[in-house]
Amino acid sequence: MCLTAEAFALFLNMIIVPEITSEPGRIAVHAEIRDAHWVAVGDDWCTMAPQIDRMDRLATLRTE
């Protein structure tokens, strides 16, 4: 999933997270369950968090 820089800035301002760390081209949002890592791709910011969450849910279903 990718967001424009403006949409990503709005998203970061709207969420309530205890900690966000950043370095050039990368931002980590430290959430309760797992961190979400965002990477700069051109003018956009992208994360694999939705796909990782989906894979975790499928793995959980397979073990039940």
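Any value given below was found using the heavy atoms of this structure, including those in side chains, with hydrogens, waters and symmetry copies removed. Remember, it's a predicted structure, so these values are computed and weren't measured experimentally.
- Contact between Leu3 and Phe11 at its shortest, heavy atoms only, is CD1-CB, 4.4 Å.
- Note that CG of Asp43 and CZ of Phe8 are 14.0 Å apart. Values are rounded to the nearest 0.5 Å.
- Side-chain contact check for Val29 versus Trp38: some heavy-atom pair is nearer than 4.5 Å.
- Under the 4.5 Å side-chain criterion, counting only non-hydrogen atoms from C-beta, His30 is not in contact with Ile20.
- A 4.5 Å side-chain heavy-atom check between Val39 and Cys46 finds every atom pair outside the cut-off.
- Checking His37 against Thr47 by side-chain atom types alone, no donor-acceptor pair falls below 3.5 Å.
- Through direct or relayed side-chain contacts under 4.5 Å between Ile, Leu, Val, Met, Phe, Trp and Tyr, Met14 connects to Leu10.
- Residues satisfying the side chain to side chain donor-acceptor pair (under 3.5 Å) criterion with Ser22, sequence neighbours excluded, are absent altogether.
- In this structure, CD on Glu6 lies 12.5 Å from CH2 on Trp45, to the nearest 0.5 angstrom.
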